[in-house]
Novice: 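Have a look at this one.
Just so it is clear: chains get the letters A, B, ... in the order the sequence lines come, proteins before strands, and each one is counted from 1. Model, not experiment: these values are computed from the prediction.
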2 protein chains.
Amino acid sequence: MKTSGKHVIRPATLEAIVDAAVRLLNVNIGASLSEIAIHAGIGRATLHRHFRDRNDLIRFIGTRCIEEMNAAVLAVDAPDKPAIERLRSMFVEVAPLGDRYNFLRLERRRDEGVRQAYNTQLGWVDALVEDLRAQGEISREVPVRWVTAQIDQLVWTAWQAVAEDYLSAAEASELAMRTLLNGLKD
Amino acid sequence: MKTSGKHVIRPATLEAIVDAAVRLLNVNIGASLSEIAIHAGIGRATLHRHFRDRNDLIRFIGTRCIEEMNAAVLAVDAPDKPAIERLRSMFVEVAPLGDRYNFLRLERRRDEGVRQAYNTQLGWVDALVEDLRAQGEISREVPVRWVTAQIDQLVWTAWQAVAEDYLSAAEASELAMRTLLNGLKD
DNA sequence: AGGTCGTGATACAGTGTTGTATCATTCTTG
DNA sequence: CAAGAATGATACAACACTGTATCACGACCT
């Protein structure tokens, strides 16, 4: 965000911008600043007052999403809990942030800063996977990258299922756990 | 593609355009026609000779990808084979088309024609899932949409694993089967 | 109530992309 | 080899988006 802004942004204005931007950019990364302003219910000039340019806006949203993810993950990170419980908590906590999460997945391809922060997050997941292996919940025959890719996809699928209203949040989390650990067989 | 073109496109030119466009648009849907032409090793004017406009190009690629997917799926569609074998064949045949497949996944959000063709494809997968359920390979407790979503993701993940060179094509297909049916547990 | 400050609206120039037209060049085909 | 056709290169106008500046309005605070 523009650092030396003469104007101070109103909280309501900022939240409207972030929400509209995440929503629109998830569907179409090429959404114009006009569209974003309109959907946020603000003037385009206000956008430019607080964000130097388009890239500044996107980067701000990126770091904002990462912060929210970090907060969610931190709430789960109790080393004494069994790995499987931490996994379940992660699905429960992170899946509701699905739209923010997906924004990061899309943006990491374009922004180096987002990519690095995202990879740091993956490091946390790597450690979780290692614990899951150590406790025999996941086979050592399966490459770690495959496991993290599955978890990554399951978070997004679980959010979509809830967003499309064919599963409750609790059901989606359980189904994600089952898919990862036991598959979909009878 | 422009129907009443005075010029006839050379096969090599067309293939170069399609390949470059799929590759670039997968990374960045906003890639300019200039970029695409350069990466295809052709002049930008040639692009405009054969495609009325950007949308025409994208739609052509969309239908092209769908045709390739149809051909791959058709080769698998032997009603006498057990459902589980058809599933395995699908991973083997479709995963190598991962980049084309991903283009469709991205584009179905923007183009109504692509969306419809894509949904038709999903209908084929729905039928496969139904067979898998009938033969007890997949539990009826799991919603069909969840299963199709998993298959969708697994195709893409398998292709990525091969593209990133940490699994062979055969390993990726087997791991996709295992993940879907038995999970990653020991 | 009045002053301050964030906001909306508008105008403007700069820029990159798009689509068309034209001509020279290269490739294909008979 | 020669004719025809596809392509490359270039110039051009139209267009949308971006970023800046300016002024009037309205919300918030004391």
Side-chain angles (χ1 to χ4, degrees), chain A residues 1-62 64 103 106-107 109-111, chain B residues 1-62 64 103 106-107 109-111 113-114:
Chain A
M1 187 152 63
K2 199 185 295 186
T3 48
S4 62
K6 188 182 134 203
H7 295 260
V8 172
I9 196 168
R10 290 181 186 147
T13 304
L14 180 59
E15 291 315 307
I17 292 174
V18 171
D19 283 342
V22 168
R23 186 156 30 88
L24 286 177
L25 295 175
N26 264 333
V27 176
N28 172 23
I29 188 60
S32 70
L33 299 182
S34 260
E35 288 180 81
I36 294 175
I38 290 172
H39 279 77
I42 65 165
R44 188 170 68 91
T46 302
L47 218 51
H48 285 290
R49 273 192 199 94
H50 300 296
F51 300 97
R52 197 180 315 280
D53 53 28
R54 179 192 185 79
N55 205 43
D56 190 34
L57 169 63
I58 289 183
R59 184 163 294 198
F60 173 79
I61 294 177
R64 171 62 92 83
F103 177 81
L106 297 175
E107 208 49 39
R109 294 183 174 180
R110 294 186 185 77
D111 188 289
Chain B
M1 186 152 62
K2 197 185 294 183
T3 48
S4 62
K6 187 182 134 202
H7 295 259
V8 172
I9 195 168
R10 290 180 186 148
T13 304
L14 180 59
E15 291 316 306
I17 292 174
V18 171
D19 283 342
V22 167
R23 186 157 30 88
L24 286 176
L25 294 174
N26 264 332
V27 176
N28 171 23
I29 188 60
S32 71
L33 300 182
S34 256
E35 288 180 82
I36 294 174
I38 291 172
H39 279 75
I42 65 164
R44 188 169 68 90
T46 302
L47 218 52
H48 285 290
R49 273 191 198 96
H50 301 295
F51 300 97
R52 198 181 313 282
D53 53 28
R54 179 193 186 78
N55 205 43
D56 190 32
L57 169 64
I58 289 182
R59 184 164 295 197
F60 174 78
I61 295 175
R64 171 62 92 85
F103 177 82
L106 297 175
E107 208 50 37
R109 294 182 173 181
R110 293 186 185 78
D111 189 289
V114 170

Novice: D/dT7 C1' sits how many Å from B/Ile38 CD1, rounded?
Specialist: 16 Å
Novice: Grab the CG-P distance between B/Asp56 and C/dT20 for me, whole Å please.
Specialist: 11 Å
Novice: Would you mind telling me which residue lines up with the more 5' stretch of DNA chain D, A/Glu35 or B/Pro11, judged by nearest nucleotide?
Specialist: B/Pro11
Novice: From CG of A/Leu47 over to C1' of C/dA9, roughly how many Å is that when rounded to an integer?
Specialist: 15 Å
Novice: What is the distance, to the nearest angstrom, from the CZ atom on B/Arg49 to the C1' atom on C/dT25?
Specialist: 12 Å
Novice: Taking all non-hydrogen atoms of both residues into account, name the closest pair between A/Ile36 and A/Ala20 and its distance.
Specialist: O-CB, 3.9 Å
Novice: Among the candidates C/dT7, D/dT7, D/dA9, find the nucleotide nearest to the side-chain atoms of B/Ala45.
Specialist: D/dA9
Novice: State, yes or no, whether a side-chain contact exists between A/Leu33 and A/His48 at a heavy-atom distance under 4.5 Å.
Specialist: yes
Novice: Over all heavy atoms of both residues, which pair between A/Asp56 and A/Phe51 is shortest? Give the atoms and the distance, please.
Specialist: OD2-CA, 3.4 Å
Novice: What nucleotide, of C/dG6, D/dT18, D/dA6, holds the atom closest to the side chain of B/Arg10?
Specialist: D/dA6
Novice: To the nearest Å, give me how far apart CZ (A/Arg44) and P (D/dA16) are.
Specialist: 14 Å
Novice: Measure across A/Val8 and A/His50 and return the closest heavy-atom pair with its distance rounded to 0.1 Å.
Specialist: C-CE1, 3.9 Å
Novice: Nearest 0.5 angstrom please: B/Ser32 OG to B/Ile38 CD1, how far?
Specialist: 7.0 Å
Novice: Do B/Ile29 and B/Leu106 make a side-chain contact, defined as non-hydrogen atoms from C-beta onward lying under 4.5 Å apart?
Specialist: no
Novice: Atom NE2 of B/His48 to atom P of C/dT22: distance rounded to whole Å?
Specialist: 16 Å
Novice: Check this one for me: any side-chain N or O of B/Thr46 less than 4.0 Å away from OP1 or OP2 of D/dG8?
Specialist: yes
Novice: May I ask you to say what B/Gly41 touches in the nucleic acid, namely base, sugar-phosphate or nothing, with a heavy-atom cut-off under 4.0 Å?
Specialist: sugar-phosphate
Novice: What integer distance in Å separates A/Asn55:CG from D/dT18:P?
Specialist: 12 Å
Novice: How bent is the helix from C/dA1-D/dT30 to C/dG30-D/dC1, measuring the angle between the end axes built from five pairs each, rounded to 10°?
Specialist: 40°
Novice: To the nearest Å, give me how far apart CD1 (B/Ile42) and P (C/dT26) are.
Specialist: 18 Å
Novice: Taking only side-chain N and O atoms of A/His50, does any of them lie within less than 4.0 angstrom of OP1 or OP2 on C/dT7?
Specialist: yes
Novice: Looking at B/Glu15 and B/Arg64, is any side-chain nitrogen of the basic one under 4.0 Å from a carboxylate oxygen of the acidic one?
Specialist: yes
Novice: Name the nucleic acid region contacted by B/Arg54, choosing base, sugar-phosphate or nothing; use a 4.0 angstrom heavy-atom cut-off, strictly under.
Specialist: sugar-phosphate
Novice: At under 4.0 Å, does any side-chain N or O of A/Thr13 touch on OP1 or OP2 of C/dT7?
Specialist: yes
